[in-house]
**Q** 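So that we are looking at the same thing, I have put the structure below in structure tokens.
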Amino acid sequence: MAFCTLHFFSEALNREVSVNAFVPQNREGYKTLYLLHGLSDDQTVWQRYTEVELDAAQAGIAVIMPNGDRSFYTDLSSGDRYFTYISKELPEMMTRFFRGISPAREDNYIAGLSMGGYGALKAALTFPQRYAAACSLSGALDIPFMFDTYKVEGEAFYKSIFGSKEDFVGSTNDLFALLKKDAQNGVKLPEIFLSCGTSDRILPCSRRFYEECRMFGIPVSYTEAEGNHKWAFWRQQIKPFIRYIGSKT
């Protein structure tokens, strides 16, 4: 397994960006997981706090870890187009840099924790033709809930990204609106995996999204396990998703 740090100019963000990647050596045609970090992290945390490199090596897959800053992987009103970068430009660039990365739907997966769980599902619901499966770990999936739960310390922050709570509901940033639209239009969605700790403050986000999936008859795998919003939970919960991807090779 090779480890690479890539620096290149992003047209979507109009500046230099950094991406970390684990890539199988001497192989072509491997599966690729785009792995997104949380709000207080950067592209280095998955390799620092988990066994993702070893897990990916055993599964024979590539792992691409971009930096999404504190953007919620969203095209911001300020002009920074993080969603365009993560969901469109980044995959295109990776297929140019690594000949073993395939653009085919069945070869691409996306996952993330907390803010990254939101970003992963937003990408999967917006461009379902691009991903075979998506995984959210302790995802901040219900943004109006986040507005209300972090009303004192975080309302201004969420408003700076999504606008007002009223503007957000039903918009292209609203995962529940995207899920409903896809379901009503009969869109073939990626397989969805959700996991959250039973002591996690934002557990209601995952529970509500799971129930919405069930209501629309969308296949979803859901796990609740002991834990909170910490790496002790995430380092264990990412493992079965990586094994699942490896089983598809």
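The analysis underlying the following values was restricted to heavy atoms, covering all of them including side chains, and did not include hydrogens, waters or symmetry mates.
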**Q** How far does OG of Ser221 sit from CZ of Phe241, to the nearest 0.5 angstrom?
**A** 10.0 Å
**Q** Could you check Phe22 against Phe3 for ring-ring contact (aromatic ring centres under 6.0 Å, His included), going step by step and ending with a plain yes or no?
**A** CA-CA 5 Å; Phe22 298 122; Phe3 169 68; 5.5 Å; yes
**Q** In sequence, state the C-alpha distance, the side-chain angles, and the governing distance for Arg99 and Glu28, and then conclude on salt bridge (Lys or Arg N to Asp or Glu O under 4.0 Å).
**A** CA-CA 7 Å; Arg99 66 180 183 179; Glu28 294 185 25; 3.2 Å; yes
**Q** Can you name the nearest heavy-atom pair linking Gln43 to Ser18, along with the distance?
**A** NE2-CB, 3.4 Å
**Q** Is the terminal nitrogen or CZ of Lys122 (NZ for Lys, CZ for Arg) located under 6.0 angstrom from the six-membered ring centre of Phe83 and within 45° of that ring's axis?
**A**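 Yes, cation above the ring, under 6.0 Å and within 45°.
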**Q** With rounding to the nearest 0.5 Å, note down the distance linking CG in Leu113 to CD1 in Ile238.
**A**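 If I round to the nearest 0.5 Å, the distance is 8.5 Å.
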**Q** How are the rings of Tyr244 and Tyr109 set relative to one another: parallel (under 30°), tilted (30 to 60°) or perpendicular (over 60°)?
**A**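 Ring orientation of Tyr244 relative to Tyr109: perpendicular.
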**Q** Quick one: closest heavy-atom pair of Ala120 and Leu36, and the distance?
**A**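 Between these two residues, the closest heavy atoms are N-CD1, 3.6 Å.
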**Q** With sequence neighbours left out, what residues match Tyr34 under ring-ring contact (aromatic ring centres under 6.0 Å, His included)?
**A** none
**Q** CG/Leu179 to CZ/Phe209 distance, rounded to the nearest 0.5 angstrom?
**A**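 It is 4.5 Å, given to the nearest 0.5 Å.
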**Q** Would you say Ile202 and Phe168 are hydrophobically clustered, going by side-chain heavy atoms of ILVMFWY under 4.5 Å?
**A**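 Shared cluster, yes.
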**Q** What are the two closest heavy atoms between Arg130 and Asn108, and how far apart are they?
**A** O-CB, 3.4 Å
**Q** Drop me the distance from Asn173's CG to Thr126's OG1, to the nearest 0.5 angstrom.
**A** 8.5 Å
**Q** Roughly how far, to the nearest 0.5 Å, is CD of Gln237 from SG of Cys196?
**A**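 With rounding to 0.5 Å, SG (Cys196) is 9.5 Å from CD (Gln237).
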**Q** Should Glu155 and Lys159 be marked as a salt bridge (Lys or Arg N to Asp or Glu O under 4.0 Å) after you check the CA-CA gap, both sets of side-chain angles, and the distance that decides it?
**A** CA-CA 6 Å; Glu155 185 174 10; Lys159 190 173 183 178; over 6 Å; no
**Q** Mind running salt bridge (Lys or Arg N to Asp or Glu O under 4.0 Å) on Asp75 and Lys88 for me, showing each step along the way?
**A** CA-CA 12 Å; Asp75 285 354; Lys88 186 176 186 296; over 6 Å; no
**Q** For residues Asp42 and His37, is any side-chain donor paired with an opposing acceptor at under 3.5 Å?
**A** no
**Q** Quick one: does Met1's side chain get under 4.5 Å of Pro24's, heavy atoms only?
**A** yes
**Q** Do side-chain atoms of Arg208 reach the backbone of Phe176 as a donor and acceptor pair under 3.5 angstrom?
**A** no
**Q** Ile192 and Tyr222: same hydrophobic cluster, using ILVMFWY side-chain contacts below 4.5 Å?
**A** yes
**Q** Which other residues belong to the hydrophobic cluster containing Phe9, where Ile, Leu, Val, Met, Phe, Trp and Tyr are joined when side-chain heavy atoms lie under 4.5 Å apart, directly or via other members?
**A**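 Its cluster mates, by chain and number: none.
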**Q** So which heavy atom on Ser195 is nearest to which on Ser206, and how close?
**A** O-OG, 4.3 Å
**Q** NE2/His229 to CG/Asp200 distance, rounded to the nearest 0.5 angstrom?
**A** 5.5 Å
**Q** Between Glu89 and Thr84, is any pair of side-chain heavy atoms under 4.5 Å apart?
**A** no
**Q** Parallel, tilted or perpendicular for Trp234 and Trp231, by the 30°/60° rule?
**A** perpendicular
**Q** Grouping I, L, V, M, F, W and Y whenever their side-chain heavy atoms are under 4.5 Å apart, do Leu189 and Tyr131 come out in a common cluster?
**A** yes
**Q** Is a side-chain N or O of Asp80 found less than 3.5 angstrom from the main chain of Leu76, in a donor-acceptor match?
**A**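 Not confirmed, Asp80 side chain does not pair with Leu76 backbone.
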**Q** Hydrophobic cluster membership, with links at side-chain heavy-atom distances under 4.5 Å among I/L/V/M/F/W/Y: are Val187 and Leu121 in one?
**A**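 Val187 clusters together with Leu121.
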**Q** Tell me, which pairs form a salt bridge (Lys or Arg N to Asp or Glu O under 4.0 Å) where one or both residues lie in residues 104-121, sequence neighbours left out?
**A**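 Qualifying pairs, neighbours excluded: Lys31-Asp107.
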**Q** Should Leu90 and Tyr30 be regarded as members of a common hydrophobic cluster, given that ILVMFWY residues are connected when their side-chain heavy atoms come within less than 4.5 Å of each other, either directly or indirectly?
**A**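 Cluster IDs for Leu90 and Tyr30 match.
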**Q** Does Met146 offer a backbone N or O that forms a donor-acceptor pair with the side chain of Thr149 under 3.5 Å?
**A**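 Absent.
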**Q** Of the options Tyr118, Phe72, Phe145, which is the one that meets Tyr158 in a ring-ring contact (aromatic ring centres under 6.0 Å, His included)?
**A**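 With Tyr158 as partner, Tyr118, Phe72, Phe145 yield a single ring-ring contact (aromatic ring centres under 6.0 Å, His included), made by Phe72.
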**Q** Phe147 and Phe162: aromatic ring centres closer than 6.0 Å?
**A** no
